[in-house]
Amino acid sequence: MVFLSFQSNPNHRPLSRLGRWTGPALILLAAAVATAPQLIRGNTCGHDFDIHLVSWFDCLNSWRHGIAYPQWTPSPNYGAGEPRFIFYPPLTWMLGAALGLVLPWNIVPIVLTFLLLAATGLSTRTLALRALADAPATLAGCAALFSGYALFTAYERSAFGELAGFWIPLLLLLILREKNPSGSIWRRAFDGSTAPLAMALAGAWLSNAPLGVMASYLLAAVAVTLAVLHRSWTPVLRSSVAAALGIGVAGFYLVPAEWEQRWVDIRQATDDPGLKIENSFLFGHPADPSLDLHNLELTRVSIIAVAMVALALAGVLLAWKRKTLPANRRWWIPLALIPIAVLFLQLPVSLALWNLLPKLKFLQFPWRWLVVLEAPMGIFFAAAIWPRVGARRWQRVVMPAACSALFLGSTAVAAAYFFQPCDDEDAVAPMVKVYRSGAGFEGVYEYAPTGADNGLVATGLPDACLVTNSQIKLGLLDTADANPDWWVEQHSCEATYSSTPAGSQANPEHLHISADIPHSGYLILRLRTYPAWRITINGKPAGPVAPREDGLTAVLVQQGRVQLDADWTTTPDVVAGRWLTVIAALLLASLWFLERRAPARRVQPSRSAGLS
């Protein structure tokens, strides 16, 4: 194990070309070790594993039909679909689909986990290099990617979107950076950091919505803190412009995701007892028996939270006592306040803040803020324990060895306690088989049409079912807590019809039914109702029909030959979001050009002389 066996030059002489690559190479090795249990045991099927896998399948299928940015996810709700791609940020499901183009599906989750953990380590190292030498900065990156929350997210939750927390260290780097400390407020604010800061914020929003919320509030809080420390409005000006441009660049996703919430039952994302902030505070234990499993997980993640906060604060105190904190207090004080703020948000006393601040309740779990703590914890940990210049040789050998053992132990704990073995139906191979059969999968409740119930969507439905009563219930309930099953012998459908072309690989944003209708009635389509669908019969718009409890689309048809088409349309909010992105991107490009042309005097933050 050689994670940290190298030593940086004690006199801080410039590293050789090989030396400059040593740190990043060790980070990549560390990420490989962190994912090694999956290489040995196979995929960990955490809470969100199947949701991500299905999204990758459907995204790749959309690409193969020429849809660059898909909106509809056809496989959920047993083939009736849902607008998941509108509400879930695109970067992680697009990256998973791209990996699926070149890799076997059972390898894709492992490679994606490796890439995201490595990105966390590399971005933390980049932030740490502003105050620490190469070796302790690399240690900080390793500590971040081996943190309890990173491994918990990777193994127990398989929440790939939240693993994209590498945007947080980059955001902190860019808001803390000073290139023109003696210039005017405009030169200090727009010194080459504002444009990339906007891109980092946009990246956070496009990776994971809770991450975007946390990044936005973190940016605002750090900017205000810096404004007080600097006694200048410069940080507020930089962060305000970056926030406006970053959110604007992400507008093609954010505008439809916000506007179209009125078309789905989005409140289920916060109204479910297990998703309420007040039921997930530190070591909470709601009395509801249905939350027993939730409480077990809460206890586990609460231990992780306490450990990470304690390690970060202990690192600050020990580094301050050893005088190994950077001389620039305006650099490390905002980082030192992060563990205190994260701890506050884990306690019931913070509930008023959760209810007051917009969108904060959509984080669902207070402990999600631990992703913000990973980088500061790693930096203060490294600053606290790394041997000083001139330390004895045994100290310079024992410390890296001890850290390597600690990180190996963290991986072993993740493999033993966080790893989620796949059930027979949740493993990759069975999921691929079901996908190719076109049977579909369970849907996400908050993406259901308003007033509809995902639990009423029958499995095994045909593409179109002719009935005389538009509200007829399709399928029989054979098992409690399961969806109804439909088969032709039930005779609930007077006739059934298939789409053209048929199968799970059909165009996900177009449905065509060609049928000879024996008498007037209703065609119940295996398609969830959504305003973006434009349905025509023989070239004319279909008339409105009362919504069904299962959310399936019912269409009135007359006797005779029927050519039914359902086409996904671009709604005005999507057009507005795209224009917002175009305008913001043009402004961002202009700012980038102006910042690059502006003269800047780079000032490196003072590194502690005690770290090598």
Let me see the working for Leu360 and Tyr217 under side chain to side chain contact (heavy atoms under 4.5 Å, CB included), right down to the final yes or no. CA-CA 9 Å; Leu360 203 57; Tyr217 280 117; 3.9 Å; yes
Pair Phe166, Leu122 - check side chain to side chain contact (heavy atoms under 4.5 Å, CB included), show working. CA-CA 8 Å; Phe166 63 87; Leu122 291 171; over 6 Å; no
For side chain to side chain contact (heavy atoms under 4.5 Å, CB included), just list the numbers for Leu173 and Arg130, CA-CA rounded to whole Å, side-chain angles, deciding distance to a tenth of an Å, and then say yes or no. CA-CA 8 Å; Leu173 169 69; Arg130 302 295 295 176; 3.2 Å; yes
Walk me through it: do Asp485 and Trp487 pass the test side chain to side chain contact (heavy atoms under 4.5 Å, CB included)? CA-CA 7 Å; Asp485 295 318; Trp487 59 92; 3.8 Å; yes
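Summarising the geometry of Leu370 relative to Tyr149, their closest heavy-atom pair is CB-CG, 3.6 Å, with the distance given to 0.1 Å. The two atoms that bring Tyr78 and Arg526 nearest to each other are O-NH1, 3.2 Å, heavy atoms only. Here the closest heavy-atom approach between residue Cys45 and residue Asp426 is recorded as SG-O, 3.6 Å. Contact between Glu374 and Ala144 at its shortest, heavy atoms only, is O-CB, 3.7 Å. Residues Phe418 and Ile304 come closest through the heavy atom pair CZ-CD1, 3.6 Å. Nearest heavy atoms, His52 versus Ser158: CD2-O, 3.3 Å.
The side chain to side chain donor-acceptor pair (under 3.5 Å) with Tyr530 is formed by just one residue from the set Gln71, Glu260, Glu82; it is Glu260.
When the side-chain hydrogen bond (donor to acceptor under 3.5 Å, both in side chains) test is applied to Glu425, no partner is found at least two apart in sequence or on another chain. With sequence neighbours left out, the salt bridge (Lys or Arg N to Asp or Glu O under 4.0 Å) criterion links Arg300 to Glu156. Residues passing the salt bridge (Lys or Arg N to Asp or Glu O under 4.0 Å) test with Arg368 are Glu162, sequence neighbours excluded.
Between the side chain of Arg41 and the main chain of Ala415, a donor-acceptor pair closer than 3.5 Å is present. Looking at Ser147, its side chain never comes within 3.5 Å of a backbone N or O of Ala143 through a donor-acceptor pair. Checking side-chain atoms of Asn279 against main-chain N and O of Gly274 turns up no donor-acceptor pair under 3.5 Å.
Side-chain contact of Asp58 with Ser75: a donor-acceptor pair under 3.5 Å is present, judged by distance alone. His510 and Asp567 share a donor-acceptor pair across their side chains, judged by distance under 3.5 Å alone. Counted by atom type alone, His47 and Glu297 present one or more donor-acceptor pairs between their side chains at under 3.5 Å.
Counting heavy atoms of neighbouring residues, nucleotides and ligands inside a 6.0 Å radius, atom CG of Leu293 does not exceed 12 of them. Annotation for Asp423: atom CG counts as buried by contact number, over 12 foreign heavy atoms lying within 6.0 Å.
Here the two cysteines Cys142 and Cys403 have their SG atoms 2.5 angstrom or farther apart.
In this structure, Arg125 and Asp134 have side chains that are in contact, with non-hydrogen atoms separated by less than 4.5 Å. Using a 4.5 Å cut-off on side-chain heavy atoms (C-beta onward), Asp50 and Phe441 make no contact. A 4.5 Å side-chain heavy-atom check between Thr459 and Trp486 finds every atom pair outside the cut-off. You'll find the side chain of Phe252 stays beyond 4.5 Å of the side chain of Leu580, heavy atoms only. Within the 4.5 Å cutoff, the side chain of Val342 has no heavy atoms near those of the Leu345 side chain. Side-chain contact between Pro83 and Thr73: absent, with no pair of heavy atoms (C-beta onward) separated by less than 4.5 Å. Taking the side chain as every heavy atom from C-beta outward, Gln364 and Ser280 never approach each other to under 4.5 Å. Counting heavy atoms from C-beta outward, Val428 and Asn43 have side chains that approach closer than 4.5 Å.
To the nearest 0.5 Å, atoms CG (Leu115) and OG1 (Thr35) are separated by 9.5 Å. For the atom pair CG of Leu525 and CG of Leu552, the computed distance is 8.5 Å after rounding to the nearest 0.5 Å. For the atom pair CD (Glu509) and OG (Ser62), the distance works out to 6.0 Å, reported to the nearest 0.5 Å. In this structure, CG on Asn77 lies 9.5 Å from CG on Asp550, to the nearest 0.5 angstrom. Remark: Leu363 CG to Leu275 CG distance equals 12.0 Å, nearest 0.5 Å. Note that the OG1 atom of Thr571 and the CH2 atom of Trp533 stand 12.5 Å from one another [nearest 0.5 Å].
Judged as a side chain to side chain donor-acceptor pair (under 3.5 Å), not a single pair has a partner in residues 439-448 (not counting sequence neighbours).
The aromatic rings of Trp367 and Phe152 sit perpendicular, their planes meeting at an angle over 60°, well past the 30° parallel limit. Classified by interplanar angle (parallel below 30°, tilted 30° to 60°, perpendicular above 60°), the ring pair Tyr435/Phe57 is tilted.
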Cut-off 3.5 Å, no hydrogens considered: what does the side-chain donor-acceptor table look like for residues 200-212, sequence neighbours left out?
from   : atom 1 : to     : atom 2 : distance (Å)
Trp205 : NE1    : Ser216 : OG     : 3.0
Ser207 : OG     : Trp167 : NE1    : 3.0
Ser207 : OG     : Gly203 : O      : 2.7
Asn208 : OD1    : Leu211 : N      : 3.0

For residues 85-112, tabulate all N or O donor-acceptor pairs below 3.5 Å that involve a side-chain atom, not counting sequence neighbours.
from  : atom 1 : to    : atom 2 : distance (Å)
Trp93 : NE1    : Tyr88 : O      : 2.9
Trp93 : NE1    : Pro89 : O      : 2.8

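Annotation: Trp63 is not in aromatic contact with Tyr69 [ring centroid separation under 6.0 Å not met]. Taking the six-membered ring wherever Trp is involved, the centroid distance between the rings of Phe146 and Phe407 falls below 6.0 Å.
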